[in-house]
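Everything below concerns the one structure shown next.
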Amino acid sequence: MLKTRLKKSLLAGCLLLLLNAAFAQTIDVKKEMAFAAQQYKGMLGSHPDLSKFPQSLLPDGTPKDMASSWWCSGFFGGSLWYLFESTRDTAWRNAAQKWTMAVEKEKNNTGTHDLGFMLYCPFGNGYRLTNNDGYRQIMLTGAASLATRFNPAYGVIKSWDGWKGYDYPVIVDNMMNLEFLFWAAKTSGNKFFYNASVTHADNTLKNHFRKDYSSYHVVCYGEAGKVLARKTHQGFSDSSAWSRGQAWGLYGYTVMYRETKQKKYLEQAEHIAQFILNHPNLPKDKIPYWDFNAPGIPAEERDASAGAVISSALFELSQYSRTNRKQYFTAATTILSSLASPAYKAALGSNGHFILKHSVGSKPHASEVDTPLVYADYYYLEALLRYDRLGKKQPLKFL
Ligand code: GLY
């Protein structure tokens with residue numbers, strides 16, 4: 001009797017050890033954050049003009065900066081908040097405040113669907129960390145601007161005002177703007193934001209995904225929400241799986257589950273995760289090629305930005321999944337380790353002060369191919385912070 005009990009407790013002990021080993025921290029987050037801080041100190045030094053936001057590098061290695069109206073303008077401020085969150089150094093808070101406010105005027109921009117990226121990444125993180133009521137007001141104005149792009153007769157938020165002869169195109173990337181609207185619904189009590197998000201997500205689920213749970217990039221809608229065409233803009237072909245698009249979908253449906261607790265969104269996120277993680281073209285280091293169906297694989301560019309988004313999303317999804325928790329956490333950690341290795345992480349002072357190398361903006365447009373991208377850095381820092389919290393058995397922090 002005693003022997004059986006002893007055996008049982010030994011077995012339980014071994015299992016616990018194995019489980020702990022599987023979840024063990026293998027990335028030195030403090031060291032990686034210190035490196036990122038050093039690198040971004042250089043970025044701040046090389047960017048004294050608050051109207052010129054770091055975006056990428058040009059082929060000749062000189063900075064490619066952007067105006068606040070470009071979809072990526074909020075990521076730099078967002079990353080500065082992550083550095084403040086990690087270091088608690090007020091110098092980062094001051095820099096983050098400046099680069100966040102530099103995007104303020106976009107709160108009135110009704111010509112883009114990207115206000116989630118542009119406003120929620122800097123102001124949302126800033127509000128989470130400082131409770132600054134001014135940020136809350138700016139975000140509420142911005143969310144109202146974004147909501148003007150939801151036409152109930154179509155049931156989706158319009159991405160672009162016109163594209164290749166279609167006047168109601170929606171890209172899968174748009175799933176990333178819904179988190180902002182959920183925040184606005186909770187903060188303002190206005191259900192319109194919530195309902196628009198859910199309707200958009202439901203129609204995207206119905207119209208953007210293939211049988212294997214990969215997604216089209218662009219769905220062009222006509223009157224009454226009729227699907228007129230399914231196309232690509234940044235992928236290899238209309239029928240291919242553009243990697244960052246898969247990453248946006250994974251992240252977007254994970255957030256949908258967080259905000260609604262509806263099982264169908266968790267299932268969708270898990271299906272997308274399985275498509276990505278089981279794909280025969282996903283390399284061993286789990287950093288995807290720029291398109292899962294790129295014709296020259298393995299002689300094709302990787303997209304570190306897609307890897308960073310997938311890693312961050314999988315850390316969150318690992319908290320919700322009933323059956324694949326460990327698989328997601330392990331895959332997210334593998335991606336993060338790859339990104340933190342010299343294969344993707346720049347040497348100090350190089351790479352135009354960006355943290356990561358080897359992303360792809362748009363290969364079909366020969367734009368930003370195998371370059372650093374400001375949003376790759378943002379989601380990398382986010383993934384590092386998520387990894388750190390989960391390793392310490394702390395819940396992830398959302399607004
Ligand atoms: N939202 C545009 C992109 O992912 O490139």
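In this text the structure is predicted, and so the values were computed from the model without any measurement. Counting convention: from 1, in listed order, for ligands and their atoms alike.
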Return the orientation label for the His358 and Tyr344 ring planes: parallel under 30°, perpendicular over 60°, tilted otherwise. perpendicular
Within 4.0 Å of some non-hydrogen atom of Gln234, the atoms of ligand 1 are 3 (C), 5 (O)
Looking at Lys206 and Asp202, is there a salt bridge between them, counting it only when a charged N and a carboxylate O are closer than 4.0 Å? no
Stacked cation flag Lys226 on Tyr168, 6.0 angstrom / 45 deg: no
For atom 5 (O) of ligand 1, which candidate among Arg244, His217, His233, Met176 provides the closest heavy atom? Arg244
Under 30°, 30 to 60°, or over 60°: which ring-plane class applies to Trp248 and Trp71, parallel, tilted or perpendicular? perpendicular
Distance under 4.0 Å to a non-hydrogen atom of Asp173: what atoms of ligand 1 satisfy this? 1 (N), 2 (C), 3 (C), 4 (O)
